[in-house]
Amino acid sequence: MGRQIEVREQSPLRTLYYWGALFIVLLIADDATFGWIFWALAQINPFISAAAALVIYWSIGYWITIRGLKPDPGKVAGWFLRRLQLERKNPELRAREERLKSKITSLAVGIPMSLLFGGVLTTLWLRHRNVIDDHQARRVAFWLCGLYALEFGLIHGLGIGGSIFFARQ
């Protein structure tokens, strides 16, 4: 049985600090792991980098989600799923992330949350909570993974990578 973390009322500044810390942890867990590849590719052409990120993240995200819907996702998909569902060491960050996850109770909430958590986890959380069935999860995953891939491509291919490219010109 897991321990319950009591989150007490805090100042707005401390709340802002923990939201910022959660954002940075999520950024490092995903974006810094693979984002640098698209920053480097953007040095050739930022638009090619953004397009490559969109295609790669959309297709791999969708594949991982489909595999994640199965009882045994397999070794490769299982590795990605474990990496995406990292256990936060800081109890306050973990509690905040769990509260965010608990708010994903409908597709309307899942769409904007997929920009933060990605299409894979958001779809799997919706399915785990029986908000959608397996057939709906496949359709939802297609669009949520695409939305996250678009965000990732814009941030890393055109945003960070493009900024580096244009700064070097």
> Are Trp36 and Phe165 connected in the hydrophobic side-chain network, where two residues link if heavy atoms are under 4.5 Å apart?
no
> Describe, in one word, how the ring planes of Phe38 and Tyr57 are oriented to each other, choosing from parallel (under 30°), tilted (30 to 60°) and perpendicular (over 60°).
perpendicular
> Trp58 side chain to Phe142 main-chain N or O, any donor-acceptor pair under 3.5 Å?
yes
> To the nearest 0.5 angstrom, please state how far the CH2 atom of Trp39 sits from the OG atom of Ser49.
11.0 Å
> With side-chain contact (heavy atoms from CB on, under 4.5 Å) as the criterion, how do Val131 and Leu107 come out once you've worked through the C-alpha distance, each side chain's angles and the decisive distance to 0.1 Å?
CA-CA 8 Å; Val131 174; Leu107 188 55; 5.7 Å; no
> Is a donor on one side and an acceptor on the other found under 3.5 Å between the side chain of Gln43 and the backbone of Ala40?
no
> Can you check side-chain contact (heavy atoms from CB on, under 4.5 Å) on Phe47 and Leu158, steps first, answer last?
CA-CA 7 Å; Phe47 296 103; Leu158 295 177; 3.6 Å; yes
> Around atom CH2 of Trp63, are there more than 12 heavy atoms of other residues, nucleotides or ligands at under 6.0 Å?
yes
> Please give me the minimum heavy-atom distance between Ala42 and Gly157, naming the atom from each residue.
CB-O, 3.5 Å
> Establish whether Ile64 and Val55 are linked, either directly or via other cluster members, by ILVMFWY side-chain heavy-atom contacts under 4.5 Å.
no
> If Ile, Leu, Val, Met, Phe, Trp and Tyr residues are connected whenever their side-chain heavy atoms lie under 4.5 Å apart, and connections chain through other members, are Ile60 and Trp79 in the same group?
yes
> Taking the side chain from Arg127 and the backbone from Ile132, do they hold a donor-acceptor pair closer than 3.5 Å?
yes
> Which heavy atom of Gly61 sits nearest to which heavy atom of Thr65, and what is that distance?
O-OG1, 2.8 Å
> Looking at NZ of Lys70 and CG of Asp134, how far apart are the two atoms once the value is rounded to the nearest 0.5 Å?
10.5 Å
> Could you measure the distance from the CZ atom of Arg129 to the OG atom of Ser106? Nearest 0.5 Å is fine.
11.0 Å
> So which heavy atom on Gly153 is nearest to which on Ala50, and how close?
O-CB, 3.5 Å
> Measuring from atom CD1 of Ile48 to atom CG of Leu41, what distance do you get when rounded to the nearest 0.5 angstrom?
7.0 Å
> Rounded to the nearest 0.5 Å, how far apart are CZ of Phe152 and CG of Leu115?
13.5 Å
> Kindly indicate whether the side chain of Arg67, heavy atoms from C-beta on, has any atom under 4.5 Å from the side chain of Phe80.
no
> State the OG1-OH distance between Thr123 and Tyr62, to the nearest 0.5 angstrom.
9.5 Å
> Do Ser114 side-chain atoms and Ile111 backbone N/O form a donor-acceptor pair below 3.5 Å?
yes
